[in-house]
Amino acid sequence: MRYFDEYCEVHLNPIMAPFTWVFRSDEKICIQFGVSLSKHPDKGQIAYELNDEQGYFDSGRITAHTEEILENGFKLFSVTLPPIGHGGGYRYRLGYLDTDGNEHTSQQSRFLLVCNDSPRAMTEIPSAFLGFANNQPLYGPIPKVEITSGPEDWEARLFYSIIIDRFARSSDKNLTGLGTVKYDPSSPYASHGGTVQGVTQKIDYLKSLGIRAIILSPVYVNAADGYHGYHPIHLLMVDPRLGTLNCVRELVKKAHEADIAVILDVVNNHIADSINWEEYGGPAGGEFKYVQGEEAAVMPFPIEARNTCLFHGPEYTDMVNQRLFGFLEDWRTEATYVRSLLIQHLKYWIAETDIDGLRYDSARHVGLDFWEPCVEEILRYATHLGKKRFLQIAEHAGSTHEEVLEYDSAKFTNLIDYPTYYKIKNSFGDGNWLGGLADYFCGFLEPSQSYCGGWRNNLMFLDNQDTTRIFHQFLSRLENTEEARIRLHFSLACLILGPQIPFIYQGTEQEFSGALGFHQKEDTGEWIGHDCYVREDMFDNPACVWRFGPINRKSFEPYNQDNSTFKLIQQLAEIRLENKLINQGIRTLLSSRNSGLSCVLLHEQNSEKPLFVAMNLGGTPILEEVCTIPNWYGKFSGIDLLLATAGGGLQMMEHGMRIILPPFTFVLGRLLPGDR
């Protein structure tokens with residue numbers, strides 16, 4: 001029994017709510033509870049709210065059956081909740097009528113979910129013998145959907161990172177009442193109602209922008225504070241506030257029809273804060289907070305995870321084994337059992353959804369003794385299914401290449417290139433010299449050490465969900481929107497046409513300008529970091545304000561496609577996709593002058609039409625400059641201008657290229673062959 005206020009509840013029965021909090025639609029959901037005799041209970045009641053995945057909502061009270069049993073001074077009752085036919089969930093509170101007819105209801109509430117799709121245990125996922133791969137037997141789930149081969153031209157594609165909850169709401173259903181994550185559109189720390197179906201309904205928007213791969217935030221059921229997806233409590237179920245497994249499948253299918261690949265973000269490092277460890281008042285070896293009676297706690301799924309021995313306690317303080325941020329439960333990934341469980345869960349999501357790759361969150365907080373066999377096994381499995389180039393992207397946030405290269409033996413197909421990002425960010429100074437961006441474009445920031453997958457296959461970014469936005473970097477220095485926009489456009493050209501695989505973060509195309517920040521707690525004076533301003537809603541949400549400033553300020557109407565930044569990204573993405581020289585060619589610096597002029601040739605031995613780039617890295621206009629083009633391929637008769645930001649221009653002359661570049665201009669053209 002769990003006792004609180006005037007109530008008690010049976011909470012450790014493994015076939016009864018709330019110990020089991022996910023049920024099938026054909027299973028009875030039974031709740032047994034008691035009311036203190038000192039309160040003179042006459043009839044037990046359950047007050048409930050019901051939401052199903054079709055958007056249906058209902059609420060009411062159910063009279064409980066009187067058990068006529070006394071337990072430690074409590075009168076016991078039991079109730080069976082009405083069924084939900086399509087999947088969904090309940091939030092309920094215990095209550096009673098006293099002998100005077102007065103109605104009482106507990107302030108504490110619990111949630112229950114109904115889902116027919118999700119396994120509750122790893123043993124529910126059939127693991128078949130699939131044959132031999134690399135001379136070793138291969139086991140895994142047989143796909144439930146048609147598996148496509150996936151892209152082979154990853155290097156030519158522009159990637160786009162999405163936080164589902166903040167990207168797009170569904171137009172035809174409301175799922176905000178489902179799940180444990182609190183829905184509060186006015187709070188920067190709660191769910192704002194974005195859904196998987198909302199992403200699906202914006203596929204045309206993404207395709208128009210030029211996106212050919214999306215990185216989707218985790219879809220797991222999350223704890224109350226996990227609107228973003230990174231505090232999982234169920235590794236095998238789609239959070240019902242986001243949608244269903246079928247919604248994810250439909251998103252992948254629609255994206256593939258639009259030639260957009262889908263990468264799913266997954267969490268192998270941790271689960272949500274779930275355990276009271278001995279150091280914090282729990283028993284020796286720790287105990288799950290649910291068992292100890294904490295109101296908001298649940299027992300994690302799959303059921304194989306319900307053992308505190310599978311997690312590191314707070315006595316571990318090293319980078320790999322510590323509890324992330326001091327409260328997320330860290331898997332003992334060095335254990336064979338844990339390793340097998342997590343790898344099997346990755347195979348499950350591939351088999352069920354036909355995704356084209358995985359993004360591994362917090363990769364540097366998991367040891368190589370996990371990553372090396374994991375990456376190898378997922379490659380074997382995906383290849384067997386027919387995924388020719390299945391991506392396994394590691395988020396290693398190390399500040400130097402030396403740090404990141406310590407994980408090279410895992411053989412990830414790609415790493416998110418934080419070291420290069422930091423070099424560019426640290427080069428901005430007062431915003432009046434963009435040499436760091438030009439160095440990146442030219443390939444000068446490539447490290448001397450070699451990555452397993454090649455530095456060019458790393459994913460490069462200028463902002464993401466954990467960093468200050470690139471537009472803010474310039475706005476905060478210049479305080480003039482148009483001047484900042486000119487530099488933003490220069491930056492995007494260097495990124496999207498750069499030597500690595502580029503990705504942008506949702507909202508960049510709408511000129512979102514949020515920044516990481518700090519606020520001071522009134523009670524303690526402690527300064528707390530926050531990421532509110534970089535988790536803005538793409539959709540209209542005027543309710544979301546923060547006491548330290550507006551959080552939802554926008555430059556344009558939601559999903560605007562007519563602004564200059566959207567159109568530039570669209571143009572850059574098309575250029576990258578259609579010109580192999582962008583991702584395969586040699587980058588040769590032809591000219592670099594103190595005035596800020598840099599000229600670069602993109603070429604290869606078999607190309608008859610090299611690409612010519614001229615950049616102005618500073619604030620002084622460059623007029624009437626001439627750059628000589630080496631005649632490696634013969635003579636050139638002209639230039640086909642493909643791109644010009646901020647009014648720049650090029651003109652082929654007898655002795656070279658005439659260049660006109662206003663401050664911070666990026667110009668790209670294709671050289672046209674003449675008489676040899």
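For reference, positions follow the sequence shown, starting with 1.
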(request) Could you walk me through whether Y505 and I163 pass side-chain contact (heavy atoms from CB on, under 4.5 Å), step by step? (result) CA-CA 9 Å; Y505 173 43; I163 295 182; 3.6 Å; yes
With a 6.0 Å cut-off on ring centres, are [X] and [Y] close enough?
X    : Y    : value
W433 : F428 : no
H345 : Y220 : yes
Y381 : F390 : no

Sequence neighbours excluded, every pair satisfying salt bridge (charged side-chain N to carboxylate O under 4.0 Å, His left out) that has a member inside [range]:
range            : result
residues 190-216 : none
residues 483-512 : E482-R485, E483-R487, R485-E511
residues 454-472 : D466-R535, R469-E536
residues 229-251 : D165-R241, D239-R241, R249-E352, E250-K254

Tell me, please, which residues at least two apart from [X] pass side-chain hydrogen bond (donor to acceptor under 3.5 Å, both in side chains).
X    : answer
N560 : N563
E146 : none
H365 : none

Hey, are the side chains of [X] and [Y] touching, using non-hydrogen atoms and a 4.5 Å cut-off?
X    : Y    : result
Y160 : L206 : yes
N579 : R670 : yes
V266 : R359 : no
Q571 : L642 : no
L488 : F490 : no
D531 : T467 : no
D356 : T148 : yes

(message) Could you work out, with ring pair (Phe, Tyr, Trp, His ring centres under 6.0 Å) as the rule, every residue matching Y421, not counting sequence neighbours?
(response) F461
(message) Checking F471 now: which residues fulfil ring pair (Phe, Tyr, Trp, His ring centres under 6.0 Å) with it, not counting sequence neighbours?
(response) none
(request) Given side-chain contact (heavy atoms from CB on, under 4.5 Å), test M460 with I501 step by step and report yes or no. (result) CA-CA 6 Å; M460 183 55 195; I501 299 175; over 6 Å; no
Taking all atoms of both residues into account, what is the closest heavy-atom pair of [X] and [Y], and its distance?
X    : Y    : value
L497 : F441 : O-CE1, 3.3 Å
L209 : I504 : CD2-CD1, 4.3 Å
P218 : L242 : O-CD1, 4.1 Å
G229 : P232 : O-CD, 4.4 Å

(message) Run the side chain to side chain donor-acceptor pair (under 3.5 Å) test on N464 and Y418 for me, step by step, so that the C-alpha distance in whole Å, both residues' side-chain angles and the decisive distance to 0.1 Å come before the verdict.
(response) CA-CA 11 Å; N464 63 27; Y418 272 90; 3.0 Å; yes
For [Y], is there any backbone N or O sitting under 3.5 Å from a side-chain donor or acceptor partner on [X]?
X    : Y    : answer
Q500 : W455 : yes
T244 : P240 : no
R477 : Q473 : yes
N458 : L415 : yes
H231 : A272 : no

With no hydrogens and no angle check, just 3.5 Å: does a side-chain donor-acceptor pair link [X] and [Y]?
X    : Y    : value
S217 : D265 : no
Y189 : H228 : no
D172 : S170 : no
D184 : S187 : no
H270 : S362 : no

Quick one: do [X] and [Y] make a salt bridge, cutoff under 4.0 Å?
X    : Y    : result
E155 : R576 : no
R389 : E152 : no
D153 : K580 : no
E257 : K253 : yes

(request) Scan I263, L346, I378, N414 and name whichever one has a side-chain contact (heavy atoms from CB on, under 4.5 Å) with Q392. (result) I378
(request) Anything under 30° is parallel, anything over 60° is perpendicular, the rest tilted; go ahead and classify Y205 against F566. (result) tilted
(request) Before giving the answer on side chain to side chain donor-acceptor pair (under 3.5 Å), spell out for W154 and N457 the whole-Å C-alpha distance, their side-chain angles and the decisive distance to 0.1 Å. (result) CA-CA 9 Å; W154 289 111; N457 281 329; over 6 Å; no
(message) Is there a ring pair (Phe, Tyr, Trp, His ring centres under 6.0 Å) between H396 and Y360? Walk through the geometry before answering.
(response) CA-CA 9 Å; H396 187 307; Y360 295 128; over 10 Å; no
(message) Using side chain to side chain donor-acceptor pair (under 3.5 Å), reason through S171 and Q201 one step at a time and then give a plain yes or no.
(response) CA-CA 8 Å; S171 63; Q201 292 169 349; 3.1 Å; yes
(request) Show the numbers, then the answer: is there a side-chain contact (heavy atoms from CB on, under 4.5 Å) between C599 and F612? (result) CA-CA 7 Å; C599 297; F612 178 84; 3.9 Å; yes
Can you list everything that forms a side chain to side chain contact (heavy atoms under 4.5 Å, CB included) with [X]? Sequence neighbours excluded, please.
X    : result
N541 : R169, P185, H192, D537, F539, A543, C544, N552
T176 : N174, Y183
T665 : T645, A646, L661, P662, V667

(request) Find out whether the Lys NZ or Arg CZ of R166 is both under 6.0 angstrom from the six-membered ring centre of Y227 and within 45° of the ring's axis. (result) yes
(request) Evaluate the side-chain contact (heavy atoms from CB on, under 4.5 Å) criterion for residues Q465 and S161: first the C-alpha distance (whole Å), next the side-chain angles of each, then the deciding distance (0.1 Å), finally the verdict. (result) CA-CA 8 Å; Q465 65 200 43; S161 180; 4.1 Å; yes
